[in-house]
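These figures come from a predicted structure and were not determined experimentally.
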Number of protein chains: 2
Amino acid sequence: MSSAAKDIAPSAPKTARGARTRARILKAAEDTFGTLGYHRAGISDITRAAGVAQGTLYCYFSGKEEILRELVRDMGHKVRAHLAASVIGARDRLQAEELGLRAFLEYVSANPSLYRVLQEAQFVDEAIFREYYEAFGRGYMRMLADATRKGEVRPGNDEIRVWALMGLSNFLGLRFALWDRDRSFDEVVATISDLFRNGLALDGKEKA
Amino acid sequence: MSSAAKDIAPSAPKTARGARTRARILKAAEDTFGTLGYHRAGISDITRAAGVAQGTLYCYFSGKEEILRELVRDMGHKVRAHLAASVIGARDRLQAEELGLRAFLEYVSANPSLYRVLQEAQFVDEAIFREYYEAFGRGYMRMLADATRKGEVRPGNDEIRVWALMGLSNFLGLRFALWDRDRSFDEVVATISDLFRNGLALDGKEKA
DNA sequence: TCACAATATGACAACTGAATCAGGTTTCTT
DNA sequence: AAGAAACCTGATTCAGTTGTCATATTGTGA
């Protein structure tokens, strides 16, 4: 595991051309991982899709794993930006949840590759996977705490809630955005909104 | 892809010894996949752990993938049995959810390997992965429908709810049972129970 | 225009790990 | 105890992969 040159990341591109090539490789890797999966995808599949030679890939990445890490980091930024933009102007936390869930479903639907890449990263480099969800969770917890202070949300253990909410979104995205779009996003959002507003139980709140 | 002998599953063991060996291989594969992951685990790792030769594995399985499939099927039965047993005697659906979530967390904690195997199966054979959750979901939907009829649960789109609930459990298991046991299961169950009984919102039900 | 630094090439050496199969061992039956 | 059937072995094969490197190309500043 202490090989000589393997872990040393190649230097960053120094010209615009290099930056462009690096980006092309990254995009090609995203597509290739997305369709073939991380393990089935070979370096040659990626470079062929990018239209570069095998060796070129190693000018910018130390190997397949580093590409995956880069992709996951990238995805973290993009998803968070997309969701953050989507909830601007929400009246309250509950409406923000609706907007956020819809935006997430739309994002997954439009970016199936990145979604798969993230899930597969769990088994390639668990640290980067955890980092993604922990970063996501931190932001989410801050929003819940704010909402609680404003009296929009009942007090509770927000860390647990946040993991529950992330899991919920994750599976809804998998089932209703990635696998089969046999339910409208409206329907999904409405159902979950009802859960957040009223719970599952039929009888009223225990404490008003 | 139409190779001659590859897809033909080897015959089932015909003696007790064969059955024992097959079981040993399966158990070794579970452990090996659990610690190394499906892809990092080699056939030789599995056979070494089982204390058999490489070739022996092919007496009972057509290859690595079939072992994974077998393991996922196995896990489906075991988890469902464990959860079904855990909710016997529940007063109502809400209490059943509490008991079920706790049993799930306990199961994950006690069987980290099988949990990881299931998640990785998503990228090795998506069909078997879907099958697992769809089977799970069907049973779950039936229970929700019953509970709705009994007036324990508000009417709603149970298919969507079930996927949300499965995702929620999945992430809570990952974070609080598999990764870090830094919160008691009591705390997790109580938080989710509150969500199911009262929702997230502070103000009361829209319709009493 | 020339020099030279960055970028790109692609054949290939080195390696990996799944699957095979000819032959040995154990267990059962009569 | 002999014979047969089931079971097990593990060195070897082989298809496929990664990462290397000597060489070629491109673009830029003096």
Taking the six-membered ring for Trp, are A:Tyr38 and A:Phe123 closer than 6.0 Å centroid to centroid? no
Quiz question: by atom type and distance under 3.5 Å, do the side chains of A:Ser193 and A:Glu98 form a donor-acceptor pair? yes
Specify the separation, in whole Å, of atom NE2 of A:His39 and atom C1' of D:dT18. 15 Å
Looking only at side-chain N and O atoms, does A:Tyr58 come under 4.0 Å of OP1 or OP2 in C:dT9? no
For A:Phe33 against A:Lys64, the heavy-atom pair lying closest together: CZ-CG, 4.1 Å
Of the options C:dT26, C:dT20, C:dA11, whose atoms approach the side-chain atoms of B:Arg17 most closely? C:dT26
Does a side-chain N or O of B:Lys64 approach OP1 or OP2 of C:dA18 to a distance below 4.0 Å, or not? yes
In whole angstroms, the gap separating C1' of D:dT18 from CD1 of A:Ile46 amounts to 11 Å
Between C:dA8, D:dA11, C:dG10, which one does the side chain of A:Cys59 approach most closely? C:dA8
Indicate, with a heavy-atom threshold strictly under 4.0 Å, whether B:Ala41 touches base, sugar-phosphate, or nothing. sugar-phosphate
Starting from the 5' end of DNA chain D, give me the residue, A:Ile43 or B:Pro13, whose nearest nucleotide shows up first. B:Pro13
Phosphate-side-chain proximity, A:Ser44 and D:dT17, N/O vs OP1/OP2 below 4.0 Å: no
Atom CD of A:Gln54 and atom C1' of C:dA13: how far apart are they, to the nearest Å? 13 Å
Candidates C:dG10, D:dT9, D:dG10 - which lies nearest the side chain of B:Val52: D:dT9
For A:Asn170 and A:Gln119, test the side chains for any donor-to-acceptor distance below 3.5 angstrom and give the result as yes or no. yes
Does B:Thr15 make a side-chain N or O approach to OP1 or OP2 of D:dA6 shorter than 4.0 Å? no
Write down the distance between CZ (A:Arg20) and P (D:dT26), rounded to a whole number of angstrom. 14 Å
Want to settle it: does B:Gly55 or A:Tyr60 sit nearer the 5' end of DNA chain C, counting the closest nucleotide to each? A:Tyr60
Round to a whole Å and report the spacing from CZ of A:Arg24 to P of C:dT9. 8 Å
Separation of A:Arg40 atom CZ from D:dT18 atom P, in whole Å? 14 Å
Rounded to whole Å, please give me the gap between CD1 in B:Ile67 and P in C:dA19. 10 Å
Side chain proximity check, B:Phe104 to B:Leu172, heavy atoms < 4.5 angstrom: no
B:Leu68 CG - C:dA18 P separation (whole Å): 13 Å
